[in-house]
Amino acid sequence: MMSKSTILESLKVCREYVNGDESHVEVVDIPLPVKIEFNANTIKSLRHKIGATQAGLADLVGVSKRTVEAWESNRSEPNKSARKLLTLLMQDNSMVNKLQYI
């Protein structure tokens, strides 16, 4: 358990930081994962970004061309597995080369 003096010292350092004194703190930015909303525009944009046809994207993700057509017309949404692969493709273009051979 922290002692009262340790807590008070921490609060003092926090107050100093808020007032512009960064000499006693180390600021670390930690990016939080963002859940991507997969709608027709997102999927079309991804497909164009990676230079794939609807059939090509379908092959990468393991679905039919008709499924990609349905995604791109907002008739359906990708399931959890497809969303994970689409997210990987959005984050790293080199995934295209890796997924082509699976």
Side-chain angles (χ1 to χ4, degrees):
M1 181 170 196
M2 280 194 193
S3 70
K4 184 176 179 181
S5 62
T6 304
I7 294 170
L8 290 174
E9 182 62 28
S10 296
L11 289 172
K12 179 181 175 215
V13 170
C14 286
R15 184 176 58 239
E16 290 170 355
Y17 173 74
V18 169
N19 290 326
D21 179 6
E22 298 182 19
S23 63
H24 296 98
V25 297
E26 178 184 357
V27 178
V28 179
D29 290 325
I30 300 173
L32 297 175
V34 176
K35 184 177 179 183
I36 299 169
E37 195 67 38
F38 286 106
N39 57 39
N41 292 333
T42 308
I43 293 169
K44 284 179 193 175
S45 295
L46 168 62
R47 188 167 56 77
H48 292 300
K49 176 182 166 187
I50 63 173
T53 62
Q54 288 179 334
L57 180 61
D59 187 52
L60 289 172
V61 181
V63 297
S64 70
K65 180 180 179 271
R66 294 186 99 183
T67 299
V68 173
E69 290 171 354
W71 294 345
E72 290 189 358
S73 61
N74 280 326
R75 290 193 317 267
S76 69
E77 295 180 359
N79 64 24
K80 189 173 183 176
S81 297
R83 285 194 311 268
K84 287 180 181 243
L85 289 171
L86 292 168
T87 300
L88 289 172
L89 287 166
M90 291 184 95
Q91 293 173 344
D92 182 359
N93 285 354
S94 72
M95 291 303 297
V96 172
N97 296 329
K98 295 172 185 173
L99 289 174
Q100 284 178 336
Y101 301 107
I102 295 177

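These numbers come from the heavy atoms of this one structure, side chains and all, not from hydrogens, waters or symmetry mates. If you read the sequence from its start, that first residue is 1, and numbering goes on from there.
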Same cluster or not: are [X] and [Y] linked, directly or through other Ile, Leu, Val, Met, Phe, Trp or Tyr residues, by side-chain heavy atoms under 4.5 angstrom apart?
| X | Y | value |
| --- | --- | --- |
| L11 | V18 | no |
| V25 | L8 | no |
| I7 | V13 | no |

query: With side chains defined as the heavy atoms from C-beta onward, is the minimum distance between L46 and L86 less than 4.5 Å?
result: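 Contact flag for L46/L86 side chains = yes.
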field: Test item: V63 and P78 side chains (from C-beta on) under 4.5 Å apart, heavy atoms
entry: no
query: If we ignore angles and hydrogens, is there a donor and acceptor under 3.5 Å between the side chains of S73 and R75?
result: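 R75 and S73 do have a side-chain donor-acceptor pair below 3.5 Å.
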query: Between the side chains of T42 and S45, is a donor N or O closer than 3.5 angstrom to an acceptor N or O?
result: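 No, S45 and T42 have no side-chain donor paired with an acceptor closer than 3.5 Å.
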message: One pair to check against side-chain contact (heavy atoms from CB on, under 4.5 Å): H24 and Y17. What are the steps and the verdict?
response: CA-CA 8 Å; H24 296 98; Y17 173 74; over 6 Å; no
- request: Show your reasoning for whether side-chain contact (heavy atoms from CB on, under 4.5 Å) applies to Q54 and W71.
  value: CA-CA 10 Å; Q54 288 179 334; W71 294 345; over 6 Å; no
message: Taking R15's backbone N and O only, do any of them form a donor-acceptor pair with N19's side chain (distance below 3.5 Å, no angle check)?
response: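 Indeed, once roles are kept as given, a pair shorter than 3.5 Å links the two residues.
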field: Stepwise side-chain contact (heavy atoms from CB on, under 4.5 Å) test for L85 and L60
entry: CA-CA 8 Å; L85 289 171; L60 289 172; over 6 Å; no
Which atoms form the tightest heavy-atom contact between [X] and [Y], and what is the distance?
| X | Y | result |
| --- | --- | --- |
| A52 | L57 | CB-N, 3.9 Å |
| D29 | P31 | O-CD, 3.7 Å |
| N41 | N39 | N-OD1, 3.0 Å |

query: Once you round to the nearest 0.5 Å, how far does CD1 of I43 lie from NE2 of H48?
result: 12.0 Å
field: From I102 atom CD1 to D59 atom CG, the distance as rounded to the nearest 0.5 Å
entry: 11.0 Å
query: Within a reach of under 6.0 Å around CD of E37, are more than 12 heavy atoms found that belong to other residues, nucleotides or ligands?
result: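 Counting neighbours around CD of E37, 12 or fewer heavy atoms of other residues, nucleotides or ligands fall under 6.0 Å, so no.
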- request: If a pair satisfies side-chain hydrogen bond (donor to acceptor under 3.5 Å, both in side chains) and one of its residues is in residues 79-93, list it, with sequence neighbours excluded.
  value: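 Passing the test, one end in residues 79-93: D92-S94.
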E77: salt bridge (charged side-chain N to carboxylate O under 4.0 Å, His left out) partners, not counting sequence neighbours: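 Once residues adjacent in sequence are excluded, E77 has no partner under the salt bridge (charged side-chain N to carboxylate O under 4.0 Å, His left out) criterion.
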message: I'd like to know whether L99 forms a side-chain contact (heavy atoms from CB on, under 4.5 Å) with V61, so could you lay out the CA-CA distance, the side-chain angles of the two residues, the decisive distance to 0.1 Å, and finally the verdict.
response: CA-CA 8 Å; L99 289 174; V61 181; 6.0 Å; no
- request: Among residues two or more places apart or on two chains, list those pairs meeting salt bridge (charged side-chain N to carboxylate O under 4.0 Å, His left out) that have a residue in residues 39-58.
  value: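 Of all non-adjacent pairs touching residues 39-58, those that pass salt bridge (charged side-chain N to carboxylate O under 4.0 Å, His left out) are R47-E72.
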